[in-house]
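Written out below as structure tokens is the structure these notes cover.
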Amino acid sequence: MAGAAAAGRPWARVCQDTIGKGKAGTKIQCLKAAADALKEGKSVLIDRCNLEREQRSDFVKLGCTVQADVHAVFLDLPAKVCISRSVSRTSHEGNVQGGMAAMVVNRMLKNKQAPLLTEGFSRITFCTDDDDIKKAVDMYSALGPSHSLASGVFGQKSKGPVQTGIMKFLKKADTSSVNKSSGTMVTSSERKTGQQNTTLKQENLEAGGACSMQVEKKLDNLKEKGEQSKERVSSDTSLCTLAFPSISTADFQFDLEKASEVIVDAATDFVQKHDNVRLVLVDLSQKSRILSLVKDKAAKKSFDSSRFFTFVGDITQLHSKGGLQCNVIANAANWRLKPGGGGVNAAIFNAAGEALQHATKECADTLRPGNSVAVPLPSTSPLHQQEGVTHVIHVLGPNMNPMRPDCLKNDYTKGCNVLREAYNSVFENFASIARSYPGKQNDETSSRKSASGVISPNDSKTKREGIDDSERTKKSREEDNKKNGGVTNKTWGSWAQSLYEVAMHPEKYKNADSILEISDEFVVLKDLYPKAKRHVLVISRTDGLDSLADVKKVHLPLLRSLHSAGLKWAHKFLEEDASLTFRLGYHSVPSMRQLHLHVISQDFNSPSLKNKKHWNSFTSAFFLDSVDVMDDVDQHGSATINPDEKLLAMELRCHRCRSAHPNIPKLKSHIGACKSPFPSHLLKKDKLLSVSTGRTGCS
DNA sequence: GTTCTAGAAC
DNA sequence: GTTCTAGAAC
């Protein structure tokens with residue numbers, strides 16, 4: 001179908017299901033048809049699932065080579081909606097319907113990768129319901145030849161600021177309403193009115209697949225981007241990019257010569273150690289002395305110069321004005337992490353709007369020199385929408401200005417050390433964000449380890465659970481905690497005390513047959529509401545150690561004791577029932593106080609497993625394998641936790657074959673029958689125990 | 001963590 | 001009509 005939009009721009013729809021003379025064709029045919037249509041000056045709608053990055057990259061490349069704007073409209077509908085629609089539809093062009101459809105859709109959704117601006121899209125619109133889809137269709141239908149749509153990401157449900165454990169229990173921040181208003185606001189502001197004759201077939205978008213992509217020809221738009229864009233726009237957009245200002249050299253009056261040395265050392269060192277990332281030092285002025293010093297010093301070093309370079313431009317408008325796509329920007333913040341003050345800090349807070357202030361508050365209150373904190377930028381922020389910036393890393397450098405706090409009074413030995421620490425901290429935070437970028441990792445472990453983007457595993461001072469890394473706040477928290485007798489200041493409901501009670505006074509309960517073992521370090525207890533045929537808890541007896549968030553390196557021997565007690569009981573159960581498979585691990589955010597290890601058989605055959613939260617708490621990244629936790633604590637001094645509650649609300653997927661299911665009863669009947677092998681990430685590192693593998697899980 | 005239940009989904 | 005979920009109360 002080629003819909004000639006009412007306003008005049010002709011559209012060509014390229015659909016693989018019909019491209020072979022009305023029948024299904026090949027991707028090559030689609031690419032050719034798209035290229036031809038673009039040559040004829042048409043806008044092109046690629047009506048193809050394109051769920052995986054690699055699948056769509058050829059289309060993106062095509063768009064870029066003819067200098068067209070490439071947009072993605074991502075239909076991010078819940079799996080159960082996709083499945084039920086595809087099953088019940090009739091006369092689908094590709095004949096993906098009926099019983100077969102569930103299987104096909106499940107297989108496709110398994111590999112779903114949300115589009116990123118870094119792939120080369122200039123605009124991405126997320127649609128998560130019918131309303132979003134209608135808006136997107138209306139918007140593109142009404143697009144006239146002189147219209148252009150803003151660049152950036154629209155309608156994405158924010159990953160949101162990381163919720164602290166305490167937030168979860170005190171009150172739920174209503175992120176859903178915030179997100180909704182953002183989506184509506186963006187689309188309605190972009191929507192052209194008065195054009196209702198939809199030339200794009202909405203039903204195709206709704207049922208045909210989860211993702212479609214539009215390649216829009218708009219040469220005039222590109223010209224506006226000016227000189228710099230030509231130079232950089234072609235540069236590699238597959239790299240996760242950090243743009244950063246020179247730290248401390250403006251208001252903090254740090255010596256430029258010395259600063260440039262630190263920058264070049266830290267940056268070249270970093271890019272040599274990390275793949276798939278690039279660093280860009282940004283300054284406003286063409287005559288910037290710090291840029292030329294850094295350029296000169298960098299020229300004398302040998303490293304890949306496309307991975308670290310300097311750029312003249314406004315750090316808040318790098319994409320729109322400079323044509324440089326940066327996922328992450330660093331901010332030369334003040335110690336209070338407050339907006340204002342002029343310079344880069346004021347500019348970034350200004351450009352990012354209130355969303356950044358709120359998100360920052362969720363992550364930290366203050367910052368000390370040499371430290372940084374990464375803040376996920378909500379999708380409501382204009383900086384996110386227009387520039388594609390997903391994170392802001394606030395950093396505080398050393399101060400040489402006697403009019404500002406913590407002046408080092410020209411002590412450049414200390415100053416250089418603090419500046420180096422500051423850059424290293426920023427780069428490490430950036431590295432963990434880069435690792436969590438979809439496509440920059442391919443296993444579940446790495447994604448959950450840094451998914452929040454706030455956690456810096458190499459910096460023991462950096463906060464977890466979205467608290468902060470400042471010593472000031474840490475102290476006050478510790479004082480609060482002392483009063484509670486605990487290490488974290490999470491509040492526990494009365495119902496959350498029972499494990500604590502058992503751990504403190506196991507002798508009181510020793511006659512109960514639910515208690516399997518009591519030692520000085522732990523108590524082994526049958527879970528009162530087992531979520532599988534066999535489900536026991538190994539509860540630590542250390543007072544004040546309530547969850548993984550409290551665990552420090554000193555607790556490593558304890559973790560090992562809990563683990564080996566868990567193994568012992570798993571083996572005992574395997575002797576009784578050789579068909580079982582066991583997994584040992586912790587909940588990222590437990591509901592019950594007192595650190596406890598779950599030992600749970602993987603049949604999940606139990607009437608007590610009743611809801612989505614139950615299921616996801618044992619089968620998503622919310623469940624942290626004991627072996628990983630021990631490694632993590634050993635290497636980093638604490639456990640890396642992703643406290644994102646969204647993990648518990650995720651769609652229901654089989655823990656073996658990853659197929660999606662619309663509800664718990666359907667899921668349970670599937671898992672009762674599924675014989676697929678377990679995912680490879682569980683087969684590694686002896687995370688699963690069974691008789692057939694003969695694994696012990698000890699290594 | 002569970003129980004209860006209104007109301008959404010089928 | 002029944003089934004299932006999700007939020008409040010404990």
Side-chain angles (χ1 to χ4, degrees), chain A residues 77-89 98-99 101-102 128-131 157 163 165-177 179-180 206-207 486 488 490-504 509 512 514-515 523-532 535-540 546-549 585-600 604 606-620 622-624 643-653 660-672:
Chain A
L77 302 176
K80 63 177 177 185
V81 175
C82 296
I83 292 169
S84 69
R85 279 185 186 171
S86 61
V87 169
S88 56
R89 69 188 169 186
T128 54
D129 57 31
D130 291 354
D131 197 42
K157 299 296 177 256
Q163 302 256 328
I166 199 158
M167 290 277 294
K168 178 188 163 189
F169 284 85
L170 292 178
K171 73 167 197 296
K172 52 283 142 196
D174 192 1
T175 48
S176 64
S177 69
N179 294 331
K180 199 156 207 164
E206 279 175 352
T488 50
K490 172 173 173 168
T491 51
W492 301 91
S494 56
W495 42 261
Q497 305 291 341
S498 38
L499 299 184
Y500 175 75
E501 203 37 48
V502 170
M504 293 304 114
Y509 308 91
S514 57
I515 298 232
V523 178
V524 182
L525 177 75
K526 280 192 206 167
D527 196 299
L528 187 55
Y529 299 95
K531 304 299 184 291
H535 182 187
V536 301
L537 307 177
V538 185
I539 309 166
S540 148
D546 285 333
S547 76
L548 271 191
Y586 299 85
H587 282 158
S588 295
V589 182
S591 296
M592 305 282 272
R593 182 180 171 192
Q594 200 65 16
L595 182 72
H596 54 281
L597 172 72
H598 289 270
V599 178
I600 185 164
F604 296 109
S606 162
S608 296
L609 197 156
K610 292 176 175 171
N611 59 44
K612 195 178 249 190
K613 189 173 172 180
H614 291 153
W615 177 254
N616 284 330
S617 74
F618 288 102
T619 58
S620 75
F622 189 85
F623 189 82
L624 302 176
D644 196 341
E645 286 173 60
K646 288 200 189 96
L647 290 171
L648 297 175
M650 289 195 316
E651 56 202 11
L652 297 166
R653 282 188 180 278
H661 299 270
N663 56 47
I664 289 284
K666 297 248 165 63
L667 173 76
K668 286 181 107 173
S669 71
H670 168 83
I671 56 173

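Chain naming here is simple, since letters A, B, ... match the order of the sequence lines and numbering starts at 1 in each.
Whole-Å rounding puts the A/His614 NE2 to C/dG7 P distance at 15 Å. Taking atom NZ of A/Lys610 as the reference point, atom P of C/dG7 lies 18 Å away to the nearest angstrom. One can place CG of A/Leu652 at 12 Å from P of C/dC4, the figure rounded to the nearest angstrom. The CG atom of A/Asp527 sits 8 Å away from the P atom of B/dT2 (whole-angstrom rounding). A straight line from CD1 of A/Ile664 to C1' of B/dA9 spans 16 Å, rounded to a whole angstrom. Between A/Asn616 atom CG and C/dT5 atom P the separation is 12 Å, expressed in whole Å. The CG atom of A/Asn611 sits 17 Å away from the C1' atom of B/dA8 (whole-angstrom rounding). To the nearest angstrom, C1' of C/dC10 lies 13 Å from CE of A/Met592.
Counting only distance, with no hydrogens or angles, the side chain of A/Gln594 and the backbone of A/Ser540 share a donor-acceptor pair below 3.5 Å. In this structure, the side chain of A/Lys668 engages the main chain of A/Leu609 through a donor-acceptor pair within 3.5 Å. A donor-acceptor pair is defined here as one N or O able to donate and one able to accept, closer than 3.5 Å; no such pair exists between the side chain of A/Asp527 and the backbone of A/His535. Remark: the backbone N or O of A/Ser617 is not paired with any side-chain donor or acceptor of A/Ser620 at under 3.5 angstrom.
When heavy atoms are screened at a 4.0 angstrom cut-off, A/His587 is found touching the sugar-phosphate backbone but no base atom. Within 4.0 Å of A/Lys531, counting heavy atoms only, lie sugar-phosphate atoms of the nucleic acid but no base atom.
Taking every side-chain heavy atom of A/Trp495 into account, B/dG1 is the closest of C/dA6, C/dT5, B/dG1.
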